[in-house]
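What follows is a single structure, written as structure tokens, with notes after it.
Below, read A as the first sequence line, B as the second, and so on, with proteins coming before strands; counting in each chain starts at 1.
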Number of protein chains: 2
Amino acid sequence: MPSANAVVRKPAETPDAPEKRVRNRANTEQAILSAAKRLLAEEGFQNFGINAVARGAGCDKQLIYRYYGGLDGLVEAIGTDLGSWVKDRIPDDTGGMFLLTYGDLMERLALLFLEALRADPLMRRIVAWEVSDNSEQVRRLSEARSKALVGWLERMRGSLTPPKGIDTVAVNAFIFSAIQHLVLSAAVGDQCAGLALKTPKDWEKAAIALKRIVRGVYG
Amino acid sequence: MPSANAVVRKPAETPDAPEKRVRNRANTEQAILSAAKRLLAEEGFQNFGINAVARGAGCDKQLIYRYYGGLDGLVEAIGTDLGSWVKDRIPDDTGGMFLLTYGDLMERLALLFLEALRADPLMRRIVAWEVSDNSEQVRRLSEARSKALVGWLERMRGSLTPPKGIDTVAVNAFIFSAIQHLVLSAAVGDQCAGLALKTPKDWEKAAIALKRIVRGVYG
DNA sequence: CTTGCTACTCACCGGCTGGTGACAGATTGG
DNA sequence: CCAATCTGTCACCAGCCGGTGAGTAGCAAG
């Protein structure tokens, strides 16, 4: 059966595209990493594998093993950026607004986080991955992200004193959970629990509801 | 290995395991369906496939094609139960409590939903599936579940008038999103955004925070 | 018994997966 | 100059996947 396995070679069928494939490890590493990110963002973690990444990067999968030690190392390399996600995506200053109270701050942070997540497909996929897979690599991703988020909240809080008698950690966990799930639902189905989330107007309504919730707990 | 072509029939060699494999279509259909549910609940949607289900049901995959028309039909059969999930899992009566206001009702419903989701691994997997996959079958599952949830809220609301000036659909979407994501996070990692969710005491704190949020918007 | 239907099993296919060992070409050092 | 090393390519493996065609066991009616 495998005897008649005439291997058809296809030698660079595009002569017009010189594909100046220079021998450069750093470049290749970067190509692999960005291909992995792009793939994860566009296709999700379902079809995320060695072969797919190698195909996307236009190189042999062997190089992924050599340079990253396999998929796990590659995921870890992706996760390294996670720590600085909030910092890169969300302005650290308060936009010139006067955030006098904890409620002011949390309202603003919640809206910033919602917008940032909405604009970042890769991060959405990772969040979805976190609640769908309890493998070691994903758990590490999750922890890094969680820590970064909590640290961001802490940093932004500054010297503001949270309201007395409220378990802010628990309440904030609910608030940011709500944002994450809502954005994820919208990304796959343009709606969430009967709430349409397609047009800018829809999102405007969502933002108003979010503000109302935050103001409800934090005044 | 294949040379010894003597197909060793093992006609119930295990007297302890009766394996009463009667020829009964209805039984087999049920076995397939429950195997699929069990598999989905325990392993998640990642390794959910024809071969795995057939293996779990102890029958040939061909029967899945015949009886359900493939995996899609099987998933649809699973989804059929979804419409009655809230009805089966959550008591329709108000537990003898006096729910005088919309806030009373929503607080109770939120807590009921949280407990029900926490107790149902299959439902958790399906929710995770919904935010990770936009295939047609999953979209159908999602719509059925969403409709059931909204209908349940509507039914439970009864003649209670929601507060004026509040977009209850949007607010409720956030509240139930929060519950879903929190429970999902807890199921894979025993925590969510820095909030530990392992011991009953942890969940007690989460419940208090949830009540506070609901009361904050709905009074 | 034979015929015919139903419930069920099996063998096989192409295709893709993760993973490995061997090899070719370029670069560098002695 | 040759030799070692680095970068990249390829062929090949076992294993699982979804899917299908063909065949087998049991049962009931004629």
Side-chain angles (χ1 to χ4, degrees), chain A residues 1-14 18-33 35-36 39-40 43-75 133 135-137, chain B residues 1-13 19-33 35-36 39-40 43-75 133 135-137:
Chain A
M1 190 63 66
S3 58
N5 200 358
V7 180
V8 182
R9 302 288 303 269
K10 37 181 172 178
E13 38 193 80
T14 53
E19 282 290 349
K20 52 175 306 180
R21 210 76 172 80
V22 292
R23 293 166 63 90
N24 182 333
R25 170 164 179 164
N27 276 5
T28 305
E29 280 185 3
Q30 197 54 42
I32 291 173
L33 186 61
L39 208 86
L40 192 53
E43 309 286 334
F45 58 93
Q46 297 257 48
N47 296 33
F48 184 73
I50 283 280
N51 293 297
V53 172
R55 223 177 296 128
C59 71
D60 197 273
K61 57 183 169 183
Q62 174 75 18
L63 299 183
I64 300 176
Y65 287 107
R66 268 218 267 280
Y67 298 155
Y68 291 95
L71 251 198
D72 293 9
L74 186 53
V75 170
D133 189 345
S135 65
E136 189 53 38
Q137 53 178 359
Chain B
M1 186 75 67
S3 58
N5 203 0
V7 179
V8 182
R9 301 294 303 267
K10 36 182 174 180
E13 302 244 342
E19 281 289 349
K20 49 176 306 179
R21 211 75 173 83
V22 291
R23 291 166 64 88
N24 183 333
R25 170 163 181 164
N27 277 4
T28 305
E29 280 185 2
Q30 196 54 40
I32 292 173
L33 186 60
L39 207 88
L40 192 53
E43 308 286 334
F45 57 93
Q46 297 256 51
N47 297 29
F48 185 74
I50 282 280
N51 293 297
V53 172
R55 224 177 295 128
C59 71
D60 198 272
K61 57 182 168 182
Q62 174 74 19
L63 299 182
I64 300 176
Y65 287 108
R66 266 216 262 285
Y67 298 156
Y68 292 95
L71 251 198
D72 293 9
L74 186 53
V75 170
D133 189 347
S135 65
E136 190 53 38
Q137 53 178 358

Mind checking salt bridge (charged side-chain N to carboxylate O under 4.0 Å, His left out) for B:Arg55 and listing every partner two or more places apart, or none if nothing turns up? none

Given C:dC8, D:dT9, D:dG18, which nucleotide is nearest the side-chain atoms of B:Tyr65? D:dG18

Quick note, A:Leu63 side chain, CB onward, closest among C:dG18, D:dT9, C:dA7 is D:dT9

What's the CD1-C1' distance between B:Ile64 and C:dT9, to the nearest Å? 14 Å

Between atom CG in B:Asn51 and atom P in D:dG19, what is the gap in whole Å? 9 Å

Return the value, rounded to whole Å, for the distance between atom CZ of A:Arg25 and atom P of D:dT5. 15 Å

Could you work out which one of D:dT7, C:dT17, C:dA7 sits closest to the side chain of A:Tyr67? D:dT7

Below the 4.0 Å mark, does D:dG18 have OP1 or OP2 next to a side-chain nitrogen or oxygen of B:Arg55? no

Measure the shortest side-chain to side-chain distance between B:Val53 and B:Lys61 over non-hydrogen atoms and say whether it is less than 4.5 angstrom. no

What is the minimum heavy-atom distance between A:Ala35 and A:Gly56, and which atoms define it? CB-C, 3.8 Å

Could you tell me how far apart A:Asn24 (CG) and C:dT27 (C1') are, to the nearest whole angstrom? 13 Å

Given DNA chain C, 5'-ward residue of the pair B:Glu29 and A:Gly49, judged by closest heavy atom: B:Glu29

Separation of atom CZ in B:Arg66 from atom P in C:dC8, rounded to whole Å: 9 Å

Which of these nucleotides, D:dG8, C:dT17, C:dT9, is closest to any side-chain atom of B:Gln62? C:dT9

Does B:Ile50 reach a base, just sugar-phosphate, or nothing at all? Heavy atoms under 4.0 Å. sugar-phosphate

When you get a sec, tell me which of C:dT6, D:dC17, C:dT9 is the closest nucleotide to the side chain of B:Arg23? C:dT6

Could you give the CG-to-P distance, from B:Asp60 to D:dG18, as a whole number of Å? 13 Å

What is the distance from atom CG of A:Asn51 to atom CG of A:Asp60, rounded to the nearest 0.5 Å? 9.5 Å

Of the non-hydrogen atoms in A:Ile32 and A:Tyr67, which two are nearest, and what is the gap between them? CD1-CD1, 4.3 Å

Specify the separation, in whole Å, of atom CG of B:Asn47 and atom P of D:dC16. 12 Å

Phosphate contact (C:dC8 OP1 or OP2) by B:Thr28 side-chain N/O below 4.0 Å: yes

How many whole angstroms separate atom NZ of A:Lys61 from atom P of C:dC16? 13 Å

